[in-house]
Amino acid sequence: ICAVLLFLSKLSIRRYCHDTRGSMYMWLTALAGLAILSLSFLKTYFGPYFAQDCAFIWRSLKLGIRLTKYKKSKPFYSLLDHFLDGAKRHPDKVFVHFEGHQYSYAEVDKQSSKVARALQAEAKLKEGDTVALFLPNEPVYMWTFLGLAKLGCPAALLNFNIRSKSLLHCFSCCGAKVLITSPELQDAVEEVLPTLTEQGISVYILSDSCRVPGIEPLAGKISNASDEPLSKELRANVTVRSTALYIYTSGTTGLPKAAVVTHERVWAACFIQAAVGVTADDIFYINLPLYHSAGFLIGMAGGIERGMTMVLRRKFSASQFWNDCRKYNVTVMQYIGETLRYLCNTPKRDEDRQHRVRFAIGNGARTDIWTEFLNRFGDIHVRELYGATEGNIGFINYTNKVGVVGRINYLHKFFFPHTLIKFDIEKEEPVRNSDGLCIEASRGETGLLVGKITKRSPFVGYAANKTQTDKKRLHDVLKKGDLYFNTGDLLQIDSENFVYFMDRVGDTFRWKGENVATSEVGDILTTANSILEANVYGVKVEGHEGRIGMAAVTLKEGEDFDCADAYKQVVTYLPAYARPRFIRLQPCLEVTGTFKMKKVKLVEEGFNPVNISDRLYFLDTEKKTYIPLTEEMYNAIMSLEIKL
Ligand SMILES: *[C@@H]1O[C@H](CO)[C@@H](O)[C@H](O)[C@H]1NC(C)=O
Ligand SMILES: *[C@@H]1O[C@H](CO)[C@@H](O)[C@H](O)[C@H]1NC(C)=O
Ligand SMILES: *[C@@H]1O[C@H](CO)[C@@H](O)[C@H](O)[C@H]1NC(C)=O
Ligand SMILES: *[C@@H]1O[C@H](CO)[C@@H](O)[C@H](O)[C@H]1NC(C)=O
Ligand SMILES: *[C@@H]1O[C@H](CO)[C@@H](O)[C@H](O)[C@H]1NC(C)=O
């Protein structure tokens, strides 16, 4: 194989030497890929995942070559250009279905031109001006973004759930001078309007009129504007490294951070659907917010890349989910965090398997739910991804192994160097040896994932906050002077190269000298009869090192907390140090916009029954069950009479 490759490479180099530099580059990339492919080939020849590895590597290679071509092209070929080409090829194809309406590619194209012209006239926008979008999940979001792209303007995607201080923070850190909102969010904007006006920000609302001074109605201007295509000259200076978007990290702690998303990153994220094997004939169901990477990049931008039809939903709804899938003939769905769990928690129905969904793309599915989901809703290829908006490394599960977030192969490792390093949970920093370098974790050991920052896998950082950006950079990892991106995620790679997600740094805590991964404990708790959802965290107890396990849980409808059963599950499946000693019953669990559970407030509130109105339980090792936690018991724990 090697000999053949060598021969081929010589041949092609000789043949293509005189060709333009662009295609020479492409061929070299392809050849480098082939060479590595052959390495992978040899290494995995006898492995059971050989065919899947090859298919995936092949698709990735083709995508890599395409990306290289786009990067080299002058002017830069952006996602917008791709959309315009699509609109030319299939103008009448449905771009998006939304609440009974449908909009074709041509209509969306025209509408985005109108938006661009209205904004150009009203806000005097020019290339490079950032515009903040504070809009609900509606098709207008899509064409407003495309309109801004036609002017070469980056869009900052504000989370429509944020208010007051947080809203101002997010708005100001992207440096936008223009805010676009919609009537249903007017109250939230009015709340911060004095500050915005003071800063000279132009605020536009997508309605025909607005009585509030300082908020300009834009809908009439848009409908009056011409839908003629806009000149490419307007965006002539946009390059692959220009900022396309600001996307806010949902952060379970502190204020959101604005991750800078370049056009290069947009393209890379778009390719996820293609890498999975989604085609232009598929129909993609976007039920996640468009202000996050999952909905916007993997969903909408990926849909534009495929030239497919999308179905947009205002808000995720577990009860309507499959009805929508049936109504619109959805073939690819998206999930995140807990939404698979929500789907599994709906009452069973006869038509559960009547749908055409063949792929589910997302991240954060836990093994138990993953299996239940497949058993209940049929043969769907779950494609679990691992990645972060601002990160420079990602994985995708392209084999059919349940519970893994991906698989590393030599090609991937070559193009995106990364490693797992030993991590000290208590100090929340990597372990370093006497030379000050990090130590690689061994196979099967949990470690912190770090991705080398290179030209091919850059880390652009966060807008307007160098401190935050620097905090994610890790120096002197394997060699003095090298630089890695700290993902803040703990992963494991097994002997077969499968990657498993373990926990977020900060979620994992230490008790009795052992690390406790909260997600694993949560998985066990939800196997108890009465428990629906569980959010696990560690709380500090006076007089003890580390943090002791606690869980906020919700109960299944109509059920009471089954102390004995919960105890049985916990004791059977968890080592003593990992068992939640305190349980707090809550009517519902607070989650972020991307359904990640909020822990910080719970950790602060602790387990004092005097301060907490929710029912609290304590794992009593003598009575061998959970018992209600009283104030006397609390005091006994604090005075160390009850041993933990
Ligand atoms: C739109 O055009 C009509 C007719 O020319 C005009 O009467 C109206 O004022 C315009 N609306 C806006 C918001 O400019
Ligand atoms: C692009 O850059 C050139 C040179 O810096 C400048 O003259 C031109 O005005 C820019 N075009 C736009 C649309 O900003
Ligand atoms: C879904 O498919 C059926 C049968 O192929 C077709 O009749 C129907 O019009 C499709 N629905 C949509 C919304 O495209
Ligand atoms: C940057 O982030 C840090 C820590 O998250 C925060 O303390 C600081 O105020 C931020 N700076 C700006 C300019 O937002
Ligand atoms: C809980 O209540 C106690 C007694 O009323 C008080 O001293 C303590 O500060 C409270 N703690 C919190 C976190 O509110």
Side-chain angles (χ1 to χ4, degrees), residues 86-87 89-108 110-125 131 135 137-140 142-144 147 151 178-183 186 202-228 230 273 278-287 299-300 303-304 306-314 317 319-334 349 351-360 377-380:
R89 263 200 322 274
H90 41 73
D92 300 324
K93 183 167 183 173
V94 176
F95 179 78
V96 62
H97 288 282
F98 179 73
E99 297 185 347
H101 297 276
Q102 59 186 52
Y103 305 89
S104 69
Y105 270 79
E107 283 173 292
V108 171
K110 287 185 174 162
Q111 200 58 33
S112 66
S113 294
K114 281 163 163 277
V115 171
R117 284 178 189 279
L119 282 170
Q120 201 182 18
E122 292 299 311
K124 309 282 174 284
L125 284 184
V131 174
L135 297 171
N137 257 32
E138 291 175 4
V140 66
M142 301 170 148
W143 58 67
T144 305
L151 299 173
V178 175
L179 175 74
I180 301 177
T181 189
S182 103
Q186 186 176 332
S202 314
V203 180
Y204 295 97
I205 191 160
L206 297 173
S207 62
D208 288 320
S209 64
C210 182
R211 289 169 195 280
V212 182
I215 305 185
E216 294 294 321
L218 199 63
K221 308 263 163 54
I222 292 174
S223 57
N224 273 11
S226 150
D227 61 9
E228 285 298 302
L230 282 94
Q273 286 197 28
V278 175
T279 71
D281 296 326
D282 277 305
I283 295 178
F284 195 97
Y285 186 36
I286 305 176
N287 49 66
M300 185 192 84
I304 293 175
R306 296 280 78 188
M308 68 190 334
T309 297
M310 290 171 268
V311 178
L312 181 67
R313 219 191 136 81
R314 196 175 283 280
S317 157
S319 61
Q320 286 307 306
F321 192 93
W322 297 107
N323 292 342
D324 278 348
C325 290
R326 281 185 280 269
K327 181 170 167 196
Y328 296 110
N329 302 329
V330 168
T331 58
V332 188
M333 61 172 270
Q334 203 174 15
R349 285 198 262 170
E351 65 271 28
D352 273 347
R353 280 163 176 261
Q354 284 169 23
H355 58 76
R356 299 187 195 173
V357 177
R358 59 189 198 106
F359 281 121
F377 298 107
D379 192 17
I380 297 172

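Counting convention: from 1, in listed order, for ligands and their atoms alike.
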Which protein N or O atoms sit under 3.5 Å from any N or O of ligand 1? Give atom names and distances.
unit_1, atom_1, unit_2, atom_2, d
ligand 1, 2 (O), Asn224, OD1, 3.3
ligand 1, 2 (O), Asn224, ND2, 2.2
ligand 1, 11 (N), Asn224, ND2, 2.9
ligand 1, 14 (O), Asn224, ND2, 3.4

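- Shortest non-hydrogen contact noted between Leu312 and Phe98 is O-CD1, 3.4 Å.
- For Ser104, the side chain to side chain donor-acceptor pair (under 3.5 Å) criterion is met by Glu107, not counting sequence neighbours.
- Near Lys327, the atoms of ligand 3 lying under 4.0 angstrom from a non-hydrogen atom of the residue are 11 (N), 13 (C).
- In this structure, the separation between CD on Glu99 and NE2 on His97 is 13.5 Å, given to the nearest 0.5 Å.
- At least one heavy atom of Arg356 sits less than 4.0 Å from an atom of ligand 3.
- When all heavy atoms of Val278 and Arg358 are compared, the closest pair comes out as CA-NH2, 4.3 Å.
- Any N or O atom pair closer than 3.5 Å counts here, and Asn329 shares at least one such pair with ligand 3.
- Residues forming a salt bridge (charged side-chain N to carboxylate O under 4.0 Å, His left out) with Arg313 (at least two apart in sequence, or on another chain): Asp324.
- Taking the six-membered ring where the residue is Trp, Phe377 and Trp322 present parallel rings, their angle staying beneath 30° rather than reaching 60°.
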Scan the side chains in residues 213-228 for donor-acceptor partners under 3.5 Å anywhere in the protein, sequence neighbours excluded, and list what turns up.
unit_1, atom_1, unit_2, atom_2, d
Ser223, OG, Ala219, O, 3.3
Ser223, OG, Gly220, O, 3.1
Ser226, OG, Glu228, N, 3.0

